[in-house]
Novice: 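So that we are looking at the same thing, I have put the structure below in structure tokens.
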Amino acid sequence: MSMSRKVVVKINDQGFNARTGEILLDAALDQGIAVPHDCRAGQCGTCLVRLKRGVLLGGDTSQPGLFHACQAHILSDADITFEKLPPVGERRGVVTAIENLAPDILGVSIQTERRLRHRPGQYYRVKFRGYPARCFSPAPPFAGRSAANVAHFHIKIVRGGRVTPNLGSVIALGHKVVLEGPFGAAFFRPGDGRRLVLVASGTGFAPIWAVAAASLRTQPEVPLLLIAGARKLSSLYAVPALCRLALYPRASFIAATEDADRHAPSEIIRPGTPLDHLPPLLETDLVYAAGSPKLVDAVAKKAAEVGATFFADAFVANPPEEPTWLESLRQTLALARKGLSASPRLAGNTAHAHSDDAR
Ligand code: FES
């Protein structure tokens with residue numbers, strides 16, 4: 001005998017009947033309510049919703065009331081909202097430019113048949129014809145503006161990878177591409193004057209630069225600190241963007257490389273990792289981090305310590321297995337028995353497979 005019961009769920013003012021225990025995302029999609037989603041594993045953050053009233057189990061984040069719809073089970077009548085985002089879809093296009101940004105990083109431009117619609121900081125699943133899809137975030141060019149049907153990606157060449165070593169050789173100008181998306185919740189939200197602290201390592205600079213450029217364009221009076229890091233000075237391809245940032249009096253930047261001491265000790269390029277140069281955060285800060293999971297986790301902890309709002313885009317190889325409804329309940333009960341709450345999650349957390357592995 002089923003123990004579930006009927007409840008009424010309202011999403012963005014559209015009401016429908018659901019059963020307790022149902023995954024919120026599935027229940028919404030069954031009703032034709034297009035809650036944005038991608039990984040369905042609690043990793044990408046695309047499906048974030050706000051719970052106004054009612055009870056959900058699982059899918060919680062560090063921000064009170066914010067849940068991953070793909071992980072949340074409906075437990076009662078509920079009133080829920082989500083941010084309207086550009087619809088997810090496919091865009092066909094071709095490679096129109098490939099340039100060296102650094103010895104191990106390429107700038108790849110793709111022109112699509114129809115205009116692209118995404119929020120700064122979101123990402124696409126990019127499928128070069130004949131190769132598996134990889135996730136990359138479009139970034140604005142370092143100078144000038146790009147057309148609405150052109151996306152620029154910063155792509156690290158991964159030795160032994162199945163896709164990226166072919167860029168510039170087998171994957172050349174004119175190669176056909178399909179972009180699916182946009183996905184991700186670590187995107188720019190025009191703010192209320194709060195300081196933006198943006199932290200990037202490696203090609204995590206792409207979504208971070210997208211957020212920075214959007215802020216400079218729409219709210220140049222808002223203080224902004226950007227910290228960009230790379231292992232080697234030769235991989236620090238962000239310098240032209242940082243020069244552009246220097247034109248804005250309310251913006252400041254720090255560039256850090258682990259070999260800076262040896263090659264160019266200077267005020268501008270500092271030795272160490274971005275974390276070494278993160279200033280004390282404030283509760284009122286809006287903090288974004290993108291790049292290696294280690295960096296993103298460390299910045300998340302610093303943000304959580306002061307209660308700052310945090311958005312993350314961690315570049316991981318693969319999402320973990322999705323816990324089942326029963327496992328989720330077991331975990332919650334086990335934690336409750338120990339007098340603990342579920343482990344804190346990040347708000348607007350995006351973790352997806354940017355890296356080009358050999359599978
Ligand atoms: S679809 Fe829910 S976190 Fe990715």
Side-chain angles (χ1 to χ4, degrees), residues 9 11-12 18 21-51 54 56-75 78 80-90 118-119 121-127 132-137 179-187 189 204 207 288-291 293 296-297 300 304 309-325 327-329 331-332 342-355:
V9 176
I11 299 186
N12 284 0
E22 265 191 280
I23 293 275
L24 177 61
L25 177 64
D26 294 338
L29 295 177
D30 282 351
Q31 297 298 321
I33 301 173
V35 176
H37 61 282
D38 180 20
C39 70
R40 287 177 171 267
Q43 295 295 309
C44 74
T46 306
C47 65
L48 282 179
V49 295
R50 185 166 293 285
L51 179 68
L56 296 173
L57 175 66
D60 49 323
T61 71
S62 64
Q63 305 284 302
L66 217 52
F67 287 80
H68 293 108
C70 69
Q71 302 297 300
H73 299 270
I74 300 164
L75 288 194
I80 284 154
T81 59
F82 65 87
E83 284 180 277
K84 287 273 169 59
L85 291 175
V88 171
E90 281 193 355
H118 52 261
R119 298 273 190 98
Q122 287 195 290
Y123 68 92
Y124 286 95
R125 202 172 286 136
V126 180
K127 188 170 185 335
R134 295 290 184 257
C135 296
F136 302 112
S137 297
L179 305 188
E180 186 194 359
F183 301 113
F187 53 80
R189 293 155 173 89
Y288 288 75
V296 167
D297 283 354
T309 304
F310 181 69
F311 299 101
D313 193 355
F315 292 9
V316 298
N318 278 297
E321 291 289 302
E322 181 179 358
T324 63
W325 146 243
E327 280 166 2
S328 183
L329 183 58
Q331 286 166 8
T332 304
S343 58
R345 302 287 299 271
L346 311 176
N349 178 25
T350 298
H352 48 91
H354 282 269
S355 64

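For ligands, and for the atoms within them, numbers begin at 1 and follow the listed sequence. Numbering starts at 1 and runs along the sequence shown. Worth knowing before you read on, the calculation uses all heavy atoms, side chains too, and leaves out hydrogens, waters and symmetry mates.
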Novice: Side chain of Y288, backbone of F187: donor and acceptor closer than 3.5 Å?
Specialist: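 It does hold such a pair.
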Novice: For H37, take its heavy atoms, then give the atoms of ligand 1 lying under 4.0 Å from any of them.
Specialist: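 In order of numbering, the contacting atoms are 1 (S).
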Novice: What's the separation between atom CG in L25 and atom NE2 in H73, rounded to the nearest 0.5 Å?
Specialist: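 Here the rounded value is 11.5 Å.
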Novice: Which atoms from ligand 1 have a heavy atom of R40 less than 4.0 Å away?
Specialist: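 Result: 1 (S), 4 (Fe).
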Novice: Need the ligand 1 atom indices (1-based, order shown) with element for anything under 4.0 Å from a heavy-atom of C47.
Specialist: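 Once the distances to C47 are compared, the set is 1 (S), 2 (Fe), 3 (S).
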Novice: Regarding C44, does it place an N, O or S atom less than 2.8 Å from atom 4 (Fe) of ligand 1?
Specialist: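 It does: C44 brings an N, O or S atom closer than 2.8 Å to atom 4 (Fe) of ligand 1.
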Novice: Heavy atom under 4.0 Å from ligand 1: found in Q43's side chain, backbone, both, or neither?
Specialist: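 The answer is the backbone of Q43.
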Novice: Under 4.0 Å from a heavy atom of C70: give me the atoms of ligand 1 that qualify, with their elements.
Specialist: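 By the 4.0 Å cutoff, the relevant atoms are 1 (S), 2 (Fe), 3 (S).
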Novice: With a 4.5 Å heavy-atom cut-off, do V49 and L51 have their side chains touching?
Specialist: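 Sidechains of L51 and V49: no contact.
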Novice: Using a cut-off of strictly less than 2.8 Å, determine whether H68 has an N/O/S atom near atom 2 (Fe) of ligand 1.
Specialist: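 Under 2.8 Å: H68 has no N, O or S contact with atom 2 (Fe) of ligand 1.
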Novice: Name the orientation class of the two ring planes belonging to F183 and Y123 (parallel below 30°, tilted from 30 to 60°, perpendicular beyond 60°).
Specialist: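 Answer is tilted, since the angle falls between 30° and 60°.
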Novice: Relative to the heavy atoms of G45, which atoms of ligand 1 are at a distance of less than 4.0 Å?
Specialist: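 Near G45, the atoms of ligand 1 are 3 (S), 4 (Fe).
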Novice: If the cut-off is 4.0 Å to any non-hydrogen atom of G42, which atoms of ligand 1 fall inside it?
Specialist: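 Those atoms are 3 (S).
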Novice: Rounded to the nearest 0.5 Å, what's the gap from CD1 on I74 to CD1 on I80? Could you check?
Specialist: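 Atom-to-atom, I74:CD1 and I80:CD1 are 6.5 Å apart.
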Novice: Do D26 and R40 touch side chain to side chain, with heavy atoms closer than 4.5 Å?
Specialist: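 Side chain of D26 against side chain of R40, heavy atoms only: contact under 4.5 Å found.
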Novice: So, does Q122 use its side chain to make a donor-acceptor pair with the main chain of G184 at under 3.5 Å?
Specialist: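 Present.
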